[in-house]
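Lettering follows sequence order; numbering is per chain, from 1. Model, not experiment: these values are computed from the prediction.
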Amino acid sequence: MGDEVTDYFENYLEKDSLFRNKAVLSSNHLPEEIKHRDDQLNQVAKIIAPCLRNEKPSNLFVYGKTGTGKTLAIKHTKDKLEKIAETKKIPLKIIYLNCKLKRIADTEYRLVAELARHFGKNIPATGLPTDEVYNIFFKALESDTKQIILVILDEIDQLIRKAGDEIIYNLTRINSELKNTQISIIGISNDLLFVNNLDPRVRSSLSEEELIFPPYNALQIQDILRARARDAFKEGCIDAGVIEKCSAFAAREHGDARRALELLRVSGELAERNNQERIRIEHLDEAEEKIERDRIIDAVKSQPKQFQAVLYSLLSIMQNKKEPLFTGEIYEQYKQFCPDAGLRPLTQRRVSDIIAELDMLGVINAKVISKGRFGRTREISTPLSSSIKVKMMKLTKDELSA
DNA sequence: CACCGTTCAGTTGAACTAAGCAACGGAATTCGG
DNA sequence: GAATTCCGTTGCTTAGTTCAACTGAACGGTGGA
């Protein structure tokens, strides 16, 4: 047995990797050239250019589905802008924050604290009044010379849904309170409708300029994939048709380029792992399943114990019962299970919220339905294949007993 | 059969509480002269 | 007597709880054809 492993390692070393540079395929890689987004890039440039002359640019609101290059385009512009600002000694500070990251920027307090940290202030995670944090932030911003701050809030819809829209209002307030510092906000959102339920004042100030990123079509994705694949893989190790199929997959899913890239990367990894010299179409299917599995497992892993306990209960019911499940049964099971895991059971109110959040994560599908005289509940099913379910049961169980 | 009020099992929103943290300020301790 | 450390108090955020209002379609009854 041991020899097999040794052999494998030796083989592994001798064998050439299929990849030339795997990083090119990762979703946070910034390519030199962004394809099929010229219009948007130009627009962004036009809108934020004034900050090079030390004037406050308009606030910008960018939306488009996932994987349409929003973040990429903005980051790209940010880099260029920073470079120019540096060489020309323009006092410009750009801060990029992803509001979706829990515990970083998902409440008003945490957001402002995080902003202040970018200015070298140390802000505790809790204990201070929010006003105080604003004050610290203001102080940090105050300066004798004119300067422009550009705050990029990625996935801003998540932030506002959780913490209300006053944040934006408060941030824009800074402009009137500080003489020499002006702050502009660039909001990025996946949700096209989310602007509609915003306070009109906030709405008009946030979206002084708007920019829409349409989904890529299959041909554009192909183009992008080809370009990246050229850098990422060694010559001639992709079967004909792989790129085409990959982009067709992605185009079907509302033109999500990120997904296409990930698919390609994972296919490459799988091919390599199986000691193949080329990436075949079969690898794509396999990759698709693996991605889904990894995504969900990652999502679950990073959740608190109570989440996992709820999920575990849910899955264990699902083992001996056909879908759909209802909140009541899950709560009962969960209550029974809690002592085993050494957890204090939460109230149903909270569990109800947890189920809603699991739904958001895409681990389960939950829909509120009315069962007529038999009340109202969430109807819960899961999009997962049974192999993932088994894996997840194991995972949650391990995490809970650890 | 169509219409309508009732009913149930959660959902959802709002107000409230406990836990954990930081800052503040006064009391206790230490220290050098 | 001054400087430093310690400790209790106050006021904050956040996760979770409690309370209560709300929901929406199936059930079962009613009346009309």
Is a side-chain N or O of [X] found less than 3.5 angstrom from the main chain of [Y], in a donor-acceptor match?
{"X": "A/R378", "Y": "A/V368", "answer": "no"}
{"X": "A/S26", "Y": "A/K22", "answer": "no"}
{"X": "A/T377", "Y": "A/T327", "answer": "yes"}
{"X": "A/E142", "Y": "A/L178", "answer": "no"}

Report which part of the nucleic acid A/T327 touches: base, sugar-phosphate, or nothing (heavy-atom distance under 4.0 Å, all strands).
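Touches sugar-phosphate only.
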Item to check | Phosphate OP1/OP2 of C/dC12 contacted by A/T130 side-chain N/O (<4.0 Å) | outcome: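 Indeed not, no polar side-chain atom of A/T130 lies that close.
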* Asked: Does C/dT14 have OP1 or OP2 sitting under 4.0 Å from an N or O in the side chain of A/T107?
  -> yes
Taking [atom1] from [X] and [atom2] from [N], how many angstroms apart are they, rounded to a whole number?
{"X": "A/I123", "N": "C/dT13", "atom1": "CD1", "atom2": "P", "value": "13 Å"}
{"X": "A/D131", "N": "B/dA22", "atom1": "CG", "atom2": "P", "value": "19 Å"}
{"X": "A/I354", "N": "C/dA15", "atom1": "CD1", "atom2": "P", "value": "12 Å"}
{"X": "A/D353", "N": "B/dT12", "atom1": "CG", "atom2": "P", "value": "8 Å"}
{"X": "A/R161", "N": "B/dG13", "atom1": "CZ", "atom2": "C1'", "value": "17 Å"}
{"X": "A/K367", "N": "B/dT12", "atom1": "NZ", "atom2": "C1'", "value": "19 Å"}
{"X": "A/R350", "N": "B/dT11", "atom1": "CZ", "atom2": "P", "value": "14 Å"}
{"X": "A/L128", "N": "C/dC12", "atom1": "CG", "atom2": "P", "value": "11 Å"}

Within 45° cone of A/F233 ring axis and under 6.0 Å: A/R228 NZ or CZ:
no
Reading DNA chain B from 5' onward, which residue's closest nucleotide shows up sooner: A/R378 or A/G372?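 It is A/G372 whose nearest nucleotide is closer to the 5' end.
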Per the atom types in the model, does the base of [N] pair as donor or acceptor with the side chain of [X] at under 3.5 Å?
{"X": "A/R376", "N": "B/dT11", "answer": "no"}
{"X": "A/R373", "N": "B/dG5", "answer": "no"}
{"X": "A/T347", "N": "C/dG16", "answer": "no"}
{"X": "A/T377", "N": "B/dG10", "answer": "no"}

Among the nucleotides [options], which one has an atom lying closest to any side-chain atom of [X]?
{"X": "A/T126", "options": "B/dG20, B/dT11, C/dG16", "result": "B/dG20"}
{"X": "A/Q348", "options": "C/dT14, B/dG10, C/dT18", "result": "B/dG10"}
{"X": "A/R110", "options": "B/dT11, C/dT17, C/dA15", "result": "C/dA15"}
{"X": "A/R344", "options": "B/dA22, B/dT11, C/dT17", "result": "C/dT17"}

With A/Y134 as partner, the option from A/R173, A/E108, A/K139, A/E177 fulfilling side chain to side chain donor-acceptor pair (under 3.5 Å) is A/E108
| said: Between A/D106 and A/G127, which residue's closest nucleotide on DNA chain C lies nearer the 5′ terminus? | reply: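 Of the two residues, A/G127 wins.
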